[in-house]
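None of these values were measured; they are calculated from a predicted model.
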Amino acid sequence: MKTQLRQAIMAALKDCYESGDLTSGELPEEIQLEVPKNAEHGDFATNLAMTLAKPERKAPRQIAELLVKRLQEHALCESVDIAGPGFINFKLAAQCWYAVLDQVMISGDSFGRSDVGQGTKIQVEFVSANPTGPLHIGHGRGAVVGDALAAVLQAAGYDVQREYYVNDAGNQVTTLGRSILLRLRELQGEQIDFPEDGYQAEYVTDVARKFRAEKGELEGVAEAEAIEACARFGVAEILTWIEKDLGEFGIHFDNWYSEKSLYDRSMVDQELAKLKAKGLSFEQDDALWLRTTEFGDDKDRVLIKSDGSYTYFASDVAYHMEKFDRGFDRVIDVWGADHHGYIPRMKAMLAGLGHPPEDLEVLLIQMVNLLRDGVPFTMGKRSGNFITLREVIDEVGRDACRFFFLIRRCDSQLDFDLELAKQQSSDNPVYYVQYAHARVCSINRNAAEAGVTLPETGAVAYQTLTLPEELALARLLARYPETVASAAVNYEPHRVVFYLQELAAQFHSYYNRQRVLVDDVDTSRARLYLVNAVKVVLGNALKLLGVSAPEQM
RNA sequence: GCGCCAGUAGCUCAGCUGGAUAGAGCAACGGACUUCUAAUCCGUAGGCCGAGGGUUCGAAUCCUUCCUGGCGCGCCA
């Protein structure tokens with residue numbers, strides 16, 4: 001709708017210049033159109049006059065009058081008026097807006113899809129929690145935001161892959177192995193002095209118990225070998241928990257990518273060799289460093305430690321280079337905000353290897369402060385005092401939980417009070433939106449009983465719908481595709497959430513003000529058409545967020 | 001000390017990349033169920049957009065200096 005109008009204005013303006021009606025000012029390259037906050041001002045507005053009228057700096061009525069004449073030829077505009085300092089308001093003809101209803105009903109599930117992504121191959125890597133323990137609440141936020149972002153990108157025409165990076169190499173895995181082994185020995189009756197730096201939580205004992213049941217006891221096996229066996233078993237076991245929890249949360253990955261496999265395939269050494277060949281790395285104090293300062297980092301970073309082992313950064317270099325080798329045009333990493341200090345070195349590494357740093361976009365997810373009755377939890381994996389994602393889902397419910405995580409811009413912190421989320425579950429915004437969907441379904445059931453059928457096209461609607469709130473609903477529906485597109489381009493899935501709440505609010509308001517099923521058949525059918533268009537959009541948007549759209553509540 | 005993110009109604013937050021009189025939801029107060037689901041709606045009240053300066057026709061939005069809160073600044077992952 002906006003695009004159509006913009007094109008029409010541009011064409012009209014061009015006409016004006018070519019015919020010599022307009023001489024002052026310059027033809028702008030693009031017209032900015034805004035939706036005025038106050039609907040009385042019109043459906044769209046532009047500060048075009050401002051641009052054109054310089055240096056007079058006043059709204060030229062002449063331009064507006066010429067424009068309206070041209071636009072009326074296209075039957076697009078009902079009126080054009082000049083308002084405020086340099087503003088021209090375009091009030092579109094009502095049928096323009098009601099035409100949207102047909103678009104919605106014909107497109108159905110695909111209404112809202114666009115091609116702004118132009119098939120760009122993009123990877124969203126998210127969660128990627130270490131497989132050393134169950135997912136906790138903080139992972140949940142990253143999981144939902146990443147998943148919804150991927151869905152929004154898909155809807156906007158990007159070619160999207162969802163990936164989970166499994167950190168199955170490195171110290172933390174060895175620590176896990178050692179912890180399991182100690183618990184195993186404990187189960188075998190040994191007195192164990194459990195170390196401070198081990199994983200102390202209860203689940204480690206569960207893994208040990210399972211290991212004992214499946215693999216028996218580790219008699220006469222060398223310490224290092226035993227730890228390795230426990231570690232592998234533990235990682236595999238915990239990954240199944242993670243996958244299951246995410247699955248119940250409605251999240252599925254296209255690919256699980258093993259860090260260990262990078263080493264197994266010598267990928268890390270290969271990439272480090274490339275860096276060396278480019279003269280980007282150097283040796284100092286028995287360690288290998290990457291000269292990231294050359295590309296804007298604060299200090300140089302270690303790739304290989306003086307004891308010969310690799311840093312996490314080393315495998316990340318290989319991992320990210322490999323992503324581009326796999327053909328992705330752009331790569332998004334969803335990280336906890338506490339990792340933000342890590343971004344400069346990643347960008348530096350990309351720049352060093354000849355990739356524009358913009359190809360990597362890091363989405364930082366701010367902390368979730370978990371509360372119960374206003375009292376904050378302190379969380380820490382090692383101490384074992386943490387709330388798992390599963391517990392939260394079981395307590396709050398999947399739909400409410402997902403919606404709650406998405407309701408904010410991801411770069412602001414989120415207070416998550418379990419008791420509040422539970423107690424206020426009926427006041428939760430998610431039910432508000434779902435209820436709107438259920439209400440339309442209910443109307444449909446009543447319509448079927450009364451023999452009122454849904455019109456094939458919106459023709460009836462155009463003639464019958466005259467109320468301002470009906471027009472407002474149509475206009476809001478028209479905004480949905482651009483909402484999704486802007487959410488994708490800006491990597492901000494929360495925009496869809498706010499749109500949904502607005503749509504639900506307008507629908508509820510309309511529902512309370514006007515009956516859909518009335519004595520007059522034409523009116524009933526026209527309104528039925530309208531509310532079913534609302535239902536389609538509610539359903540599409542909820543699906544993007546991974547929240548269910550119930551038929552009844 | 002340096003860096004990143006935030007600061008908008010009593011509380012929790014939007015504000016579409018510079019536009020018109022800054023918006024929702026909770027909480028408060030007053031109303032609406034013999035009518036398609038009251039998990040809803042309507043109304044009232046609530047503001048130095050953290051503070052100062054700058055950029056311009058125009059700033060919550062951009063630049064700058066402070067203040068406050070959170071998080072980072074390892075040969076940890």
Side-chain angles (χ1 to χ4, degrees), chain A residues 32 34-38 41 45-47 50 53-55 57-58 83-87 89 130 132 167 169-173 175 259 284-289 298-299 301-313 315-316 336-344 364 366-367 369 407-415 417 420 424-436 438-447 449-450 452 479 482-483 486-487 489-490 492 494-495 497-499 501-502 504-505 507-518 524 527-528 531 552-553:
Chain A
Q32 295 291 327
E34 285 139 26
V35 181
K37 283 161 192 158
N38 189 340
H41 286 308
T46 179
N47 56 358
M50 209 64 236
K54 280 179 182 173
R57 302 203 188 290
K58 56 182 177 183
F87 273 83
N89 292 320
N130 285 343
T132 52
N167 295 122
N171 285 338
Q172 80 281 2
V173 172
T175 304
E259 180 188 7
Q284 187 184 310
D285 304 329
D286 295 326
L288 184 71
W289 297 69
D298 295 346
K299 46 182 108 169
R301 306 294 175 177
V302 171
L303 290 165
I304 301 179
K305 299 180 240 174
S306 53
D307 66 0
S309 63
Y310 295 83
T311 60
Y312 187 82
F313 182 46
S315 53
D316 255 352
D338 53 342
H339 288 76
H340 70 257
Y342 203 74
I343 297 173
L364 293 176
Q366 280 287 350
M367 277 176 40
N369 299 314
I407 208 164
R408 294 250 176 110
R409 253 187 20 236
C410 61
D411 49 10
S412 64
Q413 296 184 20
L414 176 69
D415 286 336
D417 193 312
L420 218 63
Q424 296 192 338
S425 62
S426 61
D427 283 334
N428 195 307
V430 69
Y431 298 112
Y432 182 81
V433 175
Q434 289 179 319
Y435 187 45
R439 268 185 157 172
V440 180
C441 294
S442 174
I443 294 171
N444 283 340
R445 287 190 290 271
N446 288 308
E449 207 167 302
V452 178
R479 246 177 57 201
E482 51 191 85
T483 302
S486 79
V489 170
N490 295 290
E492 292 185 345
H494 77 274
R495 294 188 188 195
V497 179
F498 282 92
Y499 173 85
Q501 294 188 93
E502 199 180 336
F507 170 75
H508 283 309
S509 177
Y510 177 63
Y511 179 95
N512 274 273
R513 205 186 289 264
Q514 306 294 336
R515 277 188 62 92
V516 171
L517 302 175
V518 290
S524 298
R527 289 180 176 174
L528 198 60
V531 298
Q552 60 183 50
M553 290 173 74

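B/G18 and B/U40 are spaced 38 Å apart, taking the C1' atom of each and rounding to whole Å. Separating the C1' atom of B/U68 from that of B/C49 is a span of 16 Å, rounded to the nearest Å. When the C1' atom is compared between B/G58 and B/A22, the two are found 15 Å apart, to the nearest whole Å. B/C13 and B/A6: their C1' atoms are spaced 12 Å apart (whole Å). For the C1' atoms, the distance linking B/G30 with B/U34 amounts to 24 Å, nearest Å. Comparing the P positions of B/C63 and B/G3 gives an interatomic distance of 15 Å, to the nearest angstrom. Spacing of C1' atoms, B/U61 relative to B/U8, comes out at 12 Å, to the nearest Å. Taking atom P on both B/C29 and B/G50, the two are 30 Å apart, rounded to the nearest angstrom.
The environment of A/Q284 atom CD is dense: over 12 non-hydrogen atoms of other residues, nucleotides or ligands sit within 6.0 angstrom.
Base orientation for B/U8: anti, the chi torsion being more than 90° from 0. Applying the 90° criterion around 0 to the glycosidic angle, B/C33 comes out syn.
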Q. Just the dot-bracket of RNA chain B, please: which string comes out with Watson-Crick or G-U pairs under 3.5 Å, [ ] for crossing, | for another strand?
A. (((((((..((((.....[...)))).(((((.......))))).....(((((..]....))))))))))))....
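For the pair A/S509 and B/U40, the criterion of a side-chain N or O lying under 4.0 Å from OP1 or OP2 is not met. Dashed line: the shortest gap from a side-chain N or O of A/R408 to OP1 or OP2 of B/A14 is not under 4.0 Å. In terms of phosphate contacts, A/Y432 brings a side-chain nitrogen or oxygen within less than 4.0 Å of OP1 or OP2 of B/C41. Applying the 4.0 Å criterion to OP1 and OP2 of B/G15, one finds that A/R409 has a side-chain N or O inside that range. Note on A/Y435: a side-chain N or O is less than 4.0 Å away from OP1 or OP2 of B/A39. Contact annotation: A/R439 does not reach the phosphate of B/A39 (side-chain N/O to OP1 or OP2, under 4.0 Å).
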Considering only nitrogen or oxygen atoms on both sides, find all protein atoms under 3.5 Å from nucleotides 26-31 of chain B and state each distance.
none

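Each of A/P429 and A/A504 has a nearest nucleotide on RNA chain B; the 5'-most of these lies closest to A/P429. Where A/R495 and A/L364 meet RNA chain B, the nucleotide closest to each residue was compared, and A/L364 sits on the side nearer the 5' end.
Of all the heavy atoms in A/R408 and A/H494, the pair that sits closest is O-CB, 3.6 Å. What you find for A/V452 and A/S524 is that their closest heavy atoms are CG1-CB, 4.1 Å. Smallest separation of non-hydrogen atoms from A/H508 and A/Y435: CE1-CD2, 3.5 Å. Of all non-hydrogen atoms in A/A287 and A/V302, the two that sit nearest each other are CB-CG1, 4.4 Å. For A/P429 against A/I407, the heavy-atom pair with the smallest separation is CG-CD1, 3.7 Å.
Contact of the A/Y312 side chain with the A/Y342 side chain is registered, since non-hydrogen atoms from C-beta on lie closer than 4.5 Å. Using a 4.5 Å heavy-atom threshold, the side chains of A/E259 and A/S315 count as touching. Side-chain contact check for A/L528 versus A/N444: some heavy-atom pair is nearer than 4.5 Å.
The distance between atom CZ of A/R445 and atom C1' of B/U37, rounded to the nearest whole Å, is 9 Å. Spacing between atom CD of A/E492 and atom P of B/C16 amounts to 9 Å, rounded to whole angstrom units. Atom CD of A/Q552 and atom C1' of B/A38 are 17 Å apart (whole Å). The nearest whole Å value for the distance from the CD atom in A/Q501 to the P atom in B/U12 is 17 Å. Between A/N512 atom CG and B/A38 atom P there is a gap of 7 Å when expressed in whole angstrom units. Rounded to whole Å, atom P of B/U37 lies 10 Å from atom CD of A/E449. Per the geometry, CD belonging to A/E502 stands 13 Å off P belonging to B/C16, to the nearest Å. Computed from coordinates, the A/I343 CD1 to B/C4 P distance equals 11 Å when rounded to whole Å.
Proximity note for A/D411 (side chain, C-beta onward) versus B/A14, B/C5, B/A39: the nearest is B/C5.
Not a single salt bridge (charged side-chain N to carboxylate O under 4.0 Å, His left out) links A/D286 to another residue, sequence neighbours left out. Every side chain to side chain donor-acceptor pair (under 3.5 Å) that A/Y310 has, sequence neighbours left out, goes to A/D269. With sequence neighbours excluded, the residues that form a salt bridge (charged side-chain N to carboxylate O under 4.0 Å, His left out) with A/R513 are A/E469.
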Q. What one-letter contact string describes nucleotides 69-77 of chain B from 5' to 3', where B marks a base within less than 4.0 Å of any protein heavy atom, S marks contact via sugar-phosphate atoms alone, and - marks no contact?
A. -SBSSSBSB
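Within 4.0 Å of A/N490, counting heavy atoms only, lies at least one base atom of the nucleic acid. A/A438 comes within 4.0 angstrom of a nucleotide base, judged by non-hydrogen atoms across all strands. Across all strands, A/F498 comes closer than 4.0 Å only to sugar-phosphate atoms, never to a base (heavy-atom distances). Looking at heavy-atom distances under 4.0 Å, A/S412 makes contact with sugar-phosphate atoms alone, never a base. Across all strands, A/Q514 comes closer than 4.0 Å to base atoms (heavy-atom distances). Among the protein residues, A/Q434 comes within range of no part of the nucleic acid, since none of its heavy atoms lies under 4.0 Å from any strand.
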(Q) As a quick check of understanding, evaluate side-chain hydrogen bond (donor to acceptor under 3.5 Å, both in side chains) for A/S309 and A/D307, giving each step before the final call. (A) CA-CA 6 Å; A/S309 63; A/D307 66 0; 2.7 Å; yes
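The CD atom of A/Q366 sits 10.5 Å away from atom CG of A/L414, with the distance rounded to the nearest 0.5 Å.
Cation-pi check for A/R479 over A/Y499 is not met; the charged atom does not lie both under 6.0 angstrom from the ring centroid and within 45 degrees of its normal.
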